[in-house]
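Below: one structure, written as structure tokens.
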Amino acid sequence: MLRAAKLTANAAPEPVKKGKTITVTGSLTRADWESHKDIGYGSQSVVLQFRRAGTTNYVNVKGIKSTGTGSLKTTVTAAIDGYYRFTYAGSATAGAVSATGDSIDVR
């Protein structure tokens, strides 16, 4: 049985000028059956994805690893309006999960 995993994503600043840097942060947690709480899930490979506004498919942008506490942080260059999210493929102990996309307004 796999532990439930949770993933968040926040892209900022909003709005952003085209060509400027966007920072996408988030966290990866998984259920701890002993404490009955979600705890940070460190050293896990996560993929940042982007979906252009008005479309339905996400494309991979880059891969990163979560910190020891499950924190995620990366930067990208603003180009067009859309949504950023992190996605996690899962492991032997935790299920796969994708964050809800966070919109970014590029001006």
Side-chain angles (χ1 to χ4, degrees):
M1 178 179 276
L2 296 178
R3 297 174 190 223
K6 293 182 183 175
L7 195 54
T8 63
N10 182 47
E14 299 172 55
V16 63
K17 287 188 177 186
K18 186 174 183 174
K20 296 295 183 181
T21 300
I22 299 168
T23 301
V24 186
T25 58
S27 65
L28 175 63
T29 60
R30 70 173 177 175
D32 180 6
W33 294 334
E34 290 76 36
S35 69
H36 303 286
K37 296 180 181 178
D38 292 332
I39 59 170
Y41 197 18
S43 302
Q44 299 300 304
S45 295
V46 175
V47 176
L48 177 66
Q49 296 182 321
F50 178 76
R51 176 175 65 89
R52 173 180 265 187
T55 66
T56 58
N57 295 326
Y58 279 90
V59 295
N60 293 349
V61 176
K62 66 164 90 171
I64 65 169
K65 282 200 177 243
S66 60
T67 66
T69 60
S71 295
L72 302 163
K73 184 176 182 180
T74 191
T75 58
V76 292
T77 302
I80 57 174
D81 291 351
Y83 301 83
Y84 283 97
R85 75 175 184 184
F86 289 112
T87 189
Y88 174 63
S91 68
T93 61
V97 65
S98 292
T100 301
D102 187 43
S103 67
I104 201 78
D105 178 17
V106 179
R107 295 185 180 185

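Everything numeric in this text was worked out from a predicted model, so none of it was measured. Residue indices begin at 1 and follow the sequence shown.
- Checking side-chain atoms of T29 against main-chain N and O of D38 turns up no donor-acceptor pair under 3.5 Å.
- Tracing side-chain contacts under 4.5 Å through hydrophobic residues (I, L, V, M, F, W, Y), one reaches F50 starting from V97; they form part of the same cluster.
- Side-chain contact between T100 and T8: absent, with no pair of heavy atoms (C-beta onward) separated by less than 4.5 Å.
- Counting heavy atoms from C-beta outward, V59 and N57 have side chains that stay 4.5 Å or more apart.
- In terms of heavy atoms, A11 sits closest to I22 at CB-CG2, 4.0 Å.
- The two residues A96 and A89 make their nearest non-hydrogen contact at CB-O, 3.4 Å.
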For residues 79-87, which side-chain donor-acceptor pairs fall under 3.5 Å, sequence neighbours excluded?
| residue | atom | partner | partner atom | Å |
| --- | --- | --- | --- | --- |
| D81 | OD1 | V106 | N | 2.6 |
| R85 | NE | Q49 | OE1 | 2.7 |
| R85 | NH2 | Q49 | OE1 | 2.9 |
| T87 | OG1 | S98 | OG | 2.6 |

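- Side-chain contact between Y41 and L7: absent, with no pair of heavy atoms (C-beta onward) separated by less than 4.5 Å.
- Between Y88 atom OH and R30 atom CZ the span is 7.5 Å, to the nearest 0.5 Å.
- In this structure, CG in L28 is found 10.0 Å from OG in S71, a value given to the nearest 0.5 Å.
- Without hydrogens or angle criteria, R3 side chain to A31 main chain gives a donor-acceptor distance under 3.5 Å.
- Counting only heavy atoms from C-beta outward, the side chains of I64 and L48 never approach each other to under 4.5 Å.
- Counting only distance, with no hydrogens or angles, the side chain of S66 and the backbone of Q44 share a donor-acceptor pair below 3.5 Å.
- Contact detail for V16 and A78: the closest heavy-atom pair is CG1-CB, 3.6 Å.
- Applying the side chain to side chain contact (heavy atoms under 4.5 Å, CB included) rule to T56 yields no partners; only residues at least two apart in sequence or on another chain are considered.
- Hydrophobic clustering (side-chain heavy atoms under 4.5 Å, transitive across Ile, Leu, Val, Met, Phe, Trp, Tyr) groups V46 together with V76.
- Contact of the S103 side chain with the E14 side chain is registered, since non-hydrogen atoms from C-beta on lie closer than 4.5 Å.
- Scanning both residues, G101 and Y58, for their nearest heavy atoms gives CA-OH, 3.4 Å.
- A salt bridge does not link D32 with K37: every distance from a Lys NZ or Arg NE/NH1/NH2 to an Asp or Glu carboxylate oxygen is 4.0 Å or more.
- Once rounded to the nearest 0.5 Å, the distance linking CG of D102 with CG of N10 reads 5.0 Å.
- Counted within 6.0 Å of NZ on K62, heavy atoms from surrounding residues, nucleotides or ligands total more than 12; the atom is thus considered enclosed.
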